[in-house]
Amino acid sequence: MNGNLELTTKEDLAPGVSAHGVLSMLPIVVIVWVVLIGCAFTALLAYHNMPGQRSDEAMVWPANNAIKLDTQRANLLVFIHPQCPCSVATLNELTRIQSICGARLNTQVVFYSPIHEHWEDTSKVRQALAIPNVNITNDTDGKLAQQFGALTSGHSLLYTSDGRRVFSGGITPARGHEGENLGRNSIVQYVLDGKTSCDKTNVFGCPILDSPSDVVINSRGSKHGDE
């Protein structure tokens, strides 16, 4: 076998290059390969744990004509970009929340809907429609996202029946990942016990708005006359 390797190497190698030289490079090639794999894995892990942009200015239910505050129940809003693959995990986590909270929670899934696109029948919309006790709202050109400060797909906001915000953040542990997480637990805890141990978590998803400067807070008490 060694004889065949030596014969092949001699035939294939360029003049001046020895088989011993090629073999001596093998450890270096392996090290470079391992380093590249490690860098790629590290970059992927960093991406999964990189939170999206957020705004937390809407401390009370903003004045708007599209979604009315339910004054008998807690109100949960989940903002979704229909083209965001990571938001499948958010909707699956919302399903878990609804399986516990049910009709005790007024839940609205708000889908970003650019005026010149036709994203009303995407897989995310169909997934949301299958969740019990959930209402769907199309957010034309992100007007509601601007008012509630939802810059990133998956941003979930929980308001009391009198319009105070008690939670703002994501309901997944990482980008596109499901599992035990503070966001989901905080919402369920508030609905069941009327209190929450965590009022803010990171949001993992694709951008809905380009920057925090796009947010237009129009909260009751500041410009309530516009409602």
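- Side chains of Gln83 and Thr122: a donor-acceptor N/O pair is absent below 3.5 angstrom, by distance only.
- Ile100 and Val166 fall within a single hydrophobic cluster, where Ile, Leu, Val, Met, Phe, Trp and Tyr are joined by side-chain heavy atoms under 4.5 Å apart, directly or via other members.
- Side chains of Thr71 and Ser161: no donor on one and acceptor on the other come within 3.5 Å.
- Pro82 is not listed as a side-chain neighbour of Ser113, based on a closest heavy-atom distance of 4.5 Å or more.
- Of all heavy-atom pairs spanning Leu105 and Asn75, the tightest one is CD1-N, 4.4 Å.
- In this structure, Arg175 contributes its side chain and Phe204 its backbone to no donor-acceptor pair below 3.5 Å.
- Residues Val203 and Gly170 come closest through the heavy atom pair CG2-N, 3.6 Å.
- Shortest non-hydrogen contact noted between Gly183 and Asn181 is N-OD1, 3.1 Å.
- Between Leu158 and Arg165, every side-chain heavy-atom pair lies at or beyond the 4.5 Å cut-off.
- The same ILVMFWY cluster, assembled from side-chain heavy atoms under 4.5 Å apart, contains both Val134 and Val191.
- Within the model, atoms CG of Asn138 and CD1 of Ile136 stand 8.5 Å from one another, a figure rounded to the nearest 0.5 Å.
- To the nearest 0.5 Å, atom CD of residue Glu178 and atom CG of residue Leu91 are 9.5 Å apart.
- One finds the CD1 atom of Ile97 at 13.0 Å from the CG atom of Asn133 (value rounded to the nearest 0.5 Å).
- At distances below 3.5 Å, not a single donor-acceptor pair connects side-chain atoms of Asp141 with backbone N or O atoms of Lys143.
- A distance-only check finds a donor-acceptor pair linking the side chain of Arg184 to the backbone of Gly179 [under 3.5 Å].
- Both Ile67 and Leu69 sit in one connected hydrophobic cluster of ILVMFWY residues. Membership requires side-chain heavy atoms under 4.5 Å apart, directly or through other members.
- Pro132 approaches Gln98 most closely through the heavy-atom pair O-NE2, 3.4 Å.
- For the residue pair Thr152 / Gln53, no side-chain donor-acceptor distance below 3.5 Å is found, with atom types taken as modelled.
- Counting only heavy atoms from C-beta outward, the side chains of Val188 and Cys101 approach each other to under 4.5 Å.
- Ring orientation note: the planes of Tyr159 and Phe148 are nearly perpendicular, at an angle over 60° on the 30°/60° scale.
- Judged by distance alone, the side chains of Asn64 and Gln147 never bring a donor and an acceptor atom under 3.5 Å apart.
- With hydrogens and angles disregarded, no donor-acceptor distance shorter than 3.5 Å links the side chain of Asp70 to the backbone of Lys68.
- For an aromatic pair to be called close, the ring centres must be under 6.0 Å apart, and Tyr112 with His81 satisfies this.
- Rounding to the nearest 0.5 Å places CD1 of Ile171 at 11.0 Å from NE2 of His155.
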Glu93 vs Thr172, side chain to side chain contact (heavy atoms under 4.5 Å, CB included): CA-CA, chis, key distance, verdict: CA-CA 7 Å; Glu93 290 294 347; Thr172 63; 4.0 Å; yes
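- Ser156 contributes atom OG, which lies 6.0 Å from atom CG of Leu76 (distance to the nearest 0.5 angstrom).
- Thr137 has its side chain out of reach of Phe111: every pair of non-hydrogen atoms, C-beta onward, lies at least 4.5 Å apart.
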Full working for side chain to side chain contact (heavy atoms under 4.5 Å, CB included) between Phe167 and Ser186: CA-CA 8 Å; Phe167 174 79; Ser186 298; 4.1 Å; yes
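- A donor-acceptor pair under 3.5 Å links the side-chain atoms of Arg126 to the main chain of Asp121, judged by distance alone.
- Criterion: ILVMFWY side-chain heavy atoms under 4.5 Å apart, direct or through other members. Under it, Leu157 and Leu151 are part of a common hydrophobic cluster.
- A single hydrophobic cluster is seen to contain both Leu144 and Ile208, as judged by linkage of ILVMFWY side chains at heavy-atom distances under 4.5 Å, directly or through other members.
- With hydrogens and angles left out, the side-chain atoms of Gln72 and Asn106 include no donor and acceptor closer than 3.5 Å.
- For the residue pair Asn185 and Glu180, a side-chain donor N or O sits within less than 3.5 Å of a side-chain acceptor on the partner.
- Between Thr107 and Leu94, the closest heavy-atom pair is CG2-CD1, 4.0 Å.
- Taking every heavy atom of both residues into account, Asp139 and Val110 meet most closely at CB-CG1, 3.5 Å.
- Here the OH atom belonging to Tyr190 is positioned 12.5 Å from the NZ atom belonging to Lys195, to the nearest 0.5 angstrom.
- The closest side-chain heavy-atom distance from Cys198 to Thr201 is below 4.5 Å.
- In the model, Asp56 has a side-chain atom that pairs as donor or acceptor with a side-chain atom of Ser168 under 3.5 Å.
- Salt bridge present: Arg164 and Asp162 bring a charged side-chain N and a carboxylate O closer than 4.0 Å.
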Residue pair Phe79, Val109: steps toward the side chain to side chain contact (heavy atoms under 4.5 Å, CB included) verdict: CA-CA 6 Å; Phe79 286 83; Val109 179; over 6 Å; no
